[in-house]
Number of protein chains: 2
Amino acid sequence: MELDDIDRRIVAALRADGRATYQQIGAQVGLSAPAVKRRVDRLRARGAITGFTALVDPAALGWRTEAYVELFCQGRTSPSTIAAALAKYPEVVDACTVSGEADALIHVMAEDVKHFEQVLERINAERFVVRTKSVLVLSRLLHR
Amino acid sequence: MELDDIDRRIVAALRADGRATYQQIGAQVGLSAPAVKRRVDRLRARGAITGFTALVDPAALGWRTEAYVELFCQGRTSPSTIAAALAKYPEVVDACTVSGEADALIHVMAEDVKHFEQVLERINAERFVVRTKSVLVLSRLLHR
DNA sequence: CCTGAAAGACACTATTT
DNA sequence: AAATAGTGTCTTTCAGG
């Protein structure tokens with residue numbers, strides 16, 4: 001599962017432009033288009049590249065409220081239990097277990113504050129959740 | 001800046017597969033390829049779609065340590081000051097101002113704990129930073 | 001705002017080195 | 001493993017409804 005220098009440059013090119021043609025990438029890294037394709041196929045097969053997506057302005061889709069929520073769970077709730085429960089909420093964009101007092105930190109995108117409140121209430125009602133602590137995003141400073 | 005139902009379906013298709021052809025998308029939404037292309041061009045021009053990118057497994061690129069850091073800043077530090085300072089760090093993947101005690105919340109990706117520690121030290125040394133509070137990511141539960 | 005057609009560019013496979 | 005050549009598909013522009 002080692003990436004050589006050319007692989008890294010191909011990945012960088014595809015991160016900068018996910019719709020770049022193999023020819024364009026090839027010109028950047030000094031390879032022919034088929035050679036680039038083979039490497040990209042291999043990177044996907046190995047799981048280094050997991051997919052391609054469009055980057056969307058959340059506001060344009062009506063997602064205007066964003067928050068980070070710390071989850072405090074009962075005794076020894078397994079990560080898989082938390083993951084399974086959170087997967088039900090499309091508003092939960094991201095979730096991870098963390099060090100420190102909280103058991104998990106989740107990233108929520110909602111249409112407005114009211115919508116966020118409803119989602120938070122439902123998450124709070126999950127059996128394993130003891131309490132939550134939220135911070136609302138005021139403005140995005142940067143995003144990569 | 002209104003998106004109709006077809007626009008939303010095109011965006012959904014491109015979020016699911018950022019390299020989908022206009023023909024494929026057209027088949028899904030009931031439009032010809034040129035019609036899809038014109039809508040995508042318009043969505044990009046309006047800033048609804050900001051770009052396309054490859055989704056990469058951070059571990060495959062050697063990014064094995066991830067953390068969220070709360071920033072506590074001096075008196076009235078402007079968001080643009082914070083943004084400008086953080087833009088210098090490629091390890092800062094995400095940053096936003098938030099409600100609550102902290103002034104900002106940032107998402108950091110580093111090669112290992114040592115690397116993270118170095119980045120954190122440099123951020124702590126920024127003139128406007130009073131103190132920071134970090135949580136390390138233990139395991140990712142989900143990601144969309 | 002869409003469809004349909006045509007030209008050019010690109011992807012993909014097979015072959016060769 | 002990469003370059004090249006050839007075939008098929010897609011993108012892109014343009015004309016027309």
Side-chain angles (χ1 to χ4, degrees), chain A residues 1-64 90 109 111-112 143-144, chain B residues 1-64 90 109 111-112 143-144:
Chain A
M1 186 106 170
E2 293 300 307
L3 296 163
D4 67 13
D5 193 56
I6 294 176
D7 286 330
R8 274 187 287 272
R9 288 167 64 194
I10 290 173
V11 168
L14 282 172
R15 297 220 333 148
D17 179 6
R19 280 183 87 89
T21 66
Y22 294 129
Q23 283 190 344
Q24 289 173 327
I25 300 166
Q28 285 182 44
V29 304
L31 246 51
S32 67
V36 174
K37 184 198 183 313
R38 268 199 306 278
R39 280 174 179 264
V40 172
D41 287 344
R42 221 180 47 188
L43 287 166
R44 298 196 66 165
R46 288 192 293 182
I49 293 176
T50 58
F52 295 92
T53 192
L55 298 172
V56 172
D57 175 18
L61 281 169
W63 259 230
R64 303 232 260 350
M109 303 276 283
E111 290 182 20
D112 48 38
H143 187 65
R144 292 196 181 103
Chain B
M1 187 106 171
E2 293 300 308
L3 296 164
D4 67 12
D5 193 56
I6 294 177
D7 286 330
R8 274 187 286 270
R9 288 167 66 194
I10 290 174
V11 169
L14 283 172
R15 295 211 347 139
D17 179 7
R19 280 183 86 89
T21 66
Y22 295 129
Q23 283 189 344
Q24 290 173 327
I25 299 166
Q28 284 181 45
V29 304
L31 246 53
S32 67
V36 173
K37 183 197 182 315
R38 275 190 298 104
R39 279 173 180 264
V40 173
D41 287 345
R42 218 180 48 188
L43 288 166
R44 298 196 66 165
R46 286 192 294 182
I49 293 176
T50 58
F52 295 92
T53 191
L55 299 171
V56 171
D57 175 18
L61 281 170
W63 260 231
R64 303 228 270 339
M109 303 277 283
E111 291 182 18
D112 48 38
H143 187 64
R144 293 198 182 101

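What you are looking at is a predicted structure, and each value in this text was computed from that prediction instead of being measured. So you know, we letter chains A, B, ... as the sequences are listed, proteins then strands, and number each from 1. What you see below is based on every heavy atom in this structure, not just the backbone, and it leaves out hydrogens, waters and symmetry mates.
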| query | How far does the helix from C/dC1-D/dG17 to C/dT17-D/dA1 bend, going by the axes of its first and last five pairs, to the nearest 10°? | reply | 30°

Solution key, residues 26-35 of chain A side-chain donor-acceptor pairs under 3.5 Å, sequence neighbours excluded:
none

Would you mind reading off the distance between [X] atom [atom1] and [N] atom [atom2], rounded to a whole angstrom?
| X | N | atom1 | atom2 | answer |
| --- | --- | --- | --- | --- |
| B/L31 | C/dG4 | CG | P | 11 Å |
| A/I25 | C/dA11 | CD1 | P | 8 Å |
| B/D17 | D/dC10 | CG | P | 13 Å |
| B/R38 | D/dT13 | CZ | P | 12 Å |
| B/R19 | D/dT9 | CZ | P | 19 Å |
| A/F52 | C/dA11 | CZ | C1' | 14 Å |
| A/D7 | D/dA1 | CG | P | 10 Å |
| B/Y22 | C/dG8 | OH | C1' | 16 Å |

| query | Any Lys/Arg nitrogen of B/D41 or B/R46 sitting under 4.0 Å from an Asp/Glu carboxylate oxygen of the other? | reply | no

| If you measure from the Lys or Arg side-chain nitrogens to the Asp or Glu carboxylate oxygens, is any gap between A/R39 and A/D4 under 4.0 Å? | yes

| message | Tell me whether the count of non-hydrogen atoms from other residues, nucleotides or ligands lying under 6.0 Å of CZ in B/R19 goes above 12. | response | yes

| said: For A/R15, I'd like to know if atom CZ has over 12 heavy atoms of other residues, nucleotides or ligands within 6.0 Å. | reply: no

| request: Between A/D41 and A/Q23, name the one whose nearest nucleotide on DNA chain C is closer to the 5' end. | output: A/Q23

Given [options], identify the nucleotide with an atom nearest to the side chain of [X].
| X | options | value |
| --- | --- | --- |
| B/P34 | D/dC10, C/dT3, D/dA1 | C/dT3 |
| B/T21 | C/dT3, C/dC10, D/dC10 | D/dC10 |
| B/R39 | D/dA1, C/dC1, D/dT11 | C/dC1 |

| task | Please tell me if the side chains of B/I49 and A/L55 come closer than 4.5 Å, counting only heavy atoms from C-beta onward. | result | no

| Most 5' of A/D4 and B/Q24 on DNA chain D, judged by nearest nucleotide | A/D4

| query | Does any N or O in the side chain of B/R8 come within less than 3.5 Å of the main-chain N or O of B/L3, such that one atom is a donor and the other an acceptor? | reply | yes

